Participant: 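Structure in structure tokens, see below.
Please read these numbers as outputs of a predicted model, since none were measured by experiment. Any value given below was found using the heavy atoms of this structure, including those in side chains, with hydrogens, waters and symmetry copies removed.
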Amino acid sequence: MQNIKTLIHARWVIPVIPEGQILENHSLAIYQGRIADCLPRIEAETRYRDAHQIELTQHALIPGLINAHTHSPMSLLRGLADDLPLMEWLEKHIWPAETKWVSETFVRDGALLAIAEMLRGGITCFNDMYFFPEVVAQAAVEANMRAVIGMIVIDFPSRWAKTPEDYLRKGLELNDNYQNHPLIKTAFAPHAPYTVSDESLTQVAILSKELNIPVHMHIHETVEEINRSITQYGMRPLGRLQRLGLLSSRLLAVHMTQLTDQEFQTITKHGIHIVHCPESNLKLASGFCPVAKLYQAGINIALGTDSAASNNDLDMFMEMRLTALLAKALASDASAIPAKQALRMATLNGAQALGLEQEIGSLEIGKIADIVAVDLGGLETQPLYDPISQLVYTAGRDKVSDVWIAGQQVLKRRQFTTLDEQLLLSRTQAWAERIKESRKFT
């Protein structure tokens, strides 16, 4: 009998692979941070009698959700500037606020607030893009949270770096410092085509290929972005990125609300991953990503929340639901994106986009034990005929009860085990008072 550390008994196990499978009255055995077994409960109790046993009799176990695009420290700017189009929101409100307030302390406190929100919502891995990325990485490690940390590149100076060369140098130092870390990976994160020069993008393309590191970038987010590119470069952003050598299966293209038929072919040819952020796109009126058409073309689609400043929450349950509902409405087809596919986009597809599909994204034997328990026993989720449909169309993040990352329980009956909730609230309220007071005089 294997020396299993933890045995989790659940009403349902939803492994994501095979797609749509629902295992009733099954158990997951955890050993050294990985899934050692998945088997019927009656067999598990006999085989692993000495394990620590956890009873979740009305819960579904799913893989940890993967937030494939966010800016975690911006949680401290939640609600600062709402009901505005993207460029006005950025140029007149967010960028000035960041110039005034962003520092190592701001980034640490904002990242920890976001991590706490994500953990309580069943997110076990996030793909981040922000200044002081080494501070975000430290915060993630402190919380035992999995993260892909963006090595941001942008043409204008910040408190973290002054020139594009400085951004790249510091990013590569970060990558070196986290080589082979069990929780932290890196990705190049040039902000967007309209904020990064040809020279910098070419350098990112070369380094991405040499180091086999993903590239995470906002692309084709709005009509205005497209028009600016045509005016400045004589071509659409995707065409410019192709000319600069950035299109490959390492590219995570975020938003992609403006696509031509020719661009569909380009995306398919290069194996580009799409990161769909429906709630942020709706709030900023950026447009609609043609998810159903991308899905039919066999393109990998992951989901992200964007920042809490543009969303205004980090809720992957809402992103799953909106993904399925918007796709149906836009395609005039109620079967366009079924619930099981929305769940896969929030888990395994995100892992695939980040190059982590061999380790996370599904509940398979041998994979890392990033696991989320969702309580489906309450009256709000009754009656229950299909647990996957209930997860996507009915349950919310408030139904997440327990979370494990690499086998360590980080959320236990909705209480944090690695974070101090009262300290986070106190620090967040202090930031809110400082920022609110400063805005009285602007």
Participant: Any side-chain heavy atom of S158 within less than 4.5 Å of one from Y167?
Facilitator: yes
Participant: First locate atom CD of E364, then atom CD of Q358, and finally report the distance between them rounded to the nearest 0.5 Å.
Facilitator: 9.0 Å
Participant: Just by distance, do the side chain of T417 and the backbone of Q409 share a donor-acceptor pair under 3.5 Å?
Facilitator: yes
Participant: Heavy-atom count check: over 12 atoms from other residues, nucleotides or ligands less than 6.0 Å from K162 NZ?
Facilitator: yes
Participant: Would you call D198 and R240 a salt bridge, using N to O less than 4.0 angstrom?
Facilitator: yes
Participant: Can you find a heavy atom in the side chain of I371 that is under 4.5 Å from one in the side chain of D402?
Facilitator: no
Participant: Apply salt bridge (charged side-chain N to carboxylate O under 4.0 Å, His left out) to the pair R169 and E173, showing each step before the final yes or no.
Facilitator: CA-CA 6 Å; R169 178 183 59 80; E173 286 177 4; 3.1 Å; yes
Participant: Are the side chains of R159 and S103 in contact, using a 4.5 Å heavy-atom criterion?
Facilitator: yes
Participant: Is the side chain of E263 donor-acceptor paired with the backbone N or O of T260 at a distance under 3.5 Å, no angle test?
Facilitator: yes
Participant: Check whether any side-chain N or O of R146 sits under 3.5 Å from a backbone N or O of A140 as a donor-acceptor pair, and report yes or no.
Facilitator: no
Participant: Look at E24 together with R11 and state whether they make a salt bridge at an N to O cut-off of under 4.0 Å.
Facilitator: yes
Participant: Any side-chain to backbone donor/acceptor pair from N127 onto A68? Under 3.5 Å, distance only.
Facilitator: yes
Participant: Measure the shortest side-chain to side-chain distance between V215 and P190 over non-hydrogen atoms and say whether it is less than 4.5 angstrom.
Facilitator: yes
Participant: Within the side chain of E117, is there an N or O that forms a donor-acceptor pair under 3.5 Å with the backbone of D315?
Facilitator: no
Participant: Check for a donor-acceptor pair, side chain of H71 on one end and backbone N or O of M74 on the other, with a separation under 3.5 Å.
Facilitator: no
Participant: Between S72 and D128, is there a side-chain donor-acceptor contact under 3.5 Å, judged purely by atom types and distance?
Facilitator: yes
Participant: In Å, rounded to the nearest 0.5 Å, how long is the span from CG of L343 to CG of L65?
Facilitator: 7.5 Å
Participant: Return yes if some donor-acceptor pair links the side-chain N/O of K328 with the main-chain N/O of A292 below 3.5 Å, else return no.
Facilitator: no
Participant: Taking the side chain as every heavy atom from C-beta outward, state whether L119 and I405 have any atom pair closer than 4.5 Å.
Facilitator: yes
Participant: Is the side chain of S200 donor-acceptor paired with the backbone N or O of S197 at a distance under 3.5 Å, no angle test?
Facilitator: no
Participant: May I ask you to decide whether E224 forms a salt bridge with R228, counting only side-chain N to carboxylate O separations under 4.0 Å?
Facilitator: yes
Participant: Whether R108 and E104 form a salt bridge (side-chain N of Lys/Arg under 4.0 Å from carboxylate O of Asp/Glu) is what I want to check.
Facilitator: no
Participant: If only side-chain N and O atoms count, and only distance matters, is there a donor-acceptor pair under 3.5 Å linking E98 with Y130?
Facilitator: yes
Participant: Between H218 and H220, do the side chains contain a donor N or O and an acceptor N or O under 3.5 Å apart?
Facilitator: no
Participant: Go through the side-chain N and O atoms of N311 and T305 and say whether any donor and acceptor fall under 3.5 Å apart.
Facilitator: no
Participant: Does the side chain of V275 come within less than 4.5 Å of H273's, by heavy atoms?
Facilitator: no
Participant: Is it true that H255 and S286 share a donor-acceptor pair across their side chains at a distance under 3.5 Å?
Facilitator: no
Participant: When you measure from the side chain of E225 to the backbone of E221, do you find a donor-acceptor pair of N or O atoms at a distance under 3.5 Å?
Facilitator: yes
Participant: Please check if the number of heavy atoms outside D83 that lie under 6.0 Å from its CG is greater than 12.
Facilitator: no
Participant: Salt bridge between E359 and K185, side-chain N to carboxylate O under 4.0 Å?
Facilitator: no
Participant: So do V400 and R120 actually touch side chain to side chain, heavy atoms under 4.5 Å?
Facilitator: no
Participant: Between R41 and N25, do the side chains contain a donor N or O and an acceptor N or O under 3.5 Å apart?
Facilitator: no
Participant: Is D82 salt-bridged to K283, going by a charged N under 4.0 Å from an acidic O?
Facilitator: yes
Participant: For E319, is there an ion pair with R397 - N to carboxylate O distance below 4.0 angstrom?
Facilitator: no
Participant: Do the side chains of V291 and M345 get nearer than 4.5 Å, heavy atoms only?
Facilitator: yes
Participant: So does L376 get a backbone contact from the side chain of Q382, meaning a donor-acceptor N/O pair under 3.5 Å?
Facilitator: yes
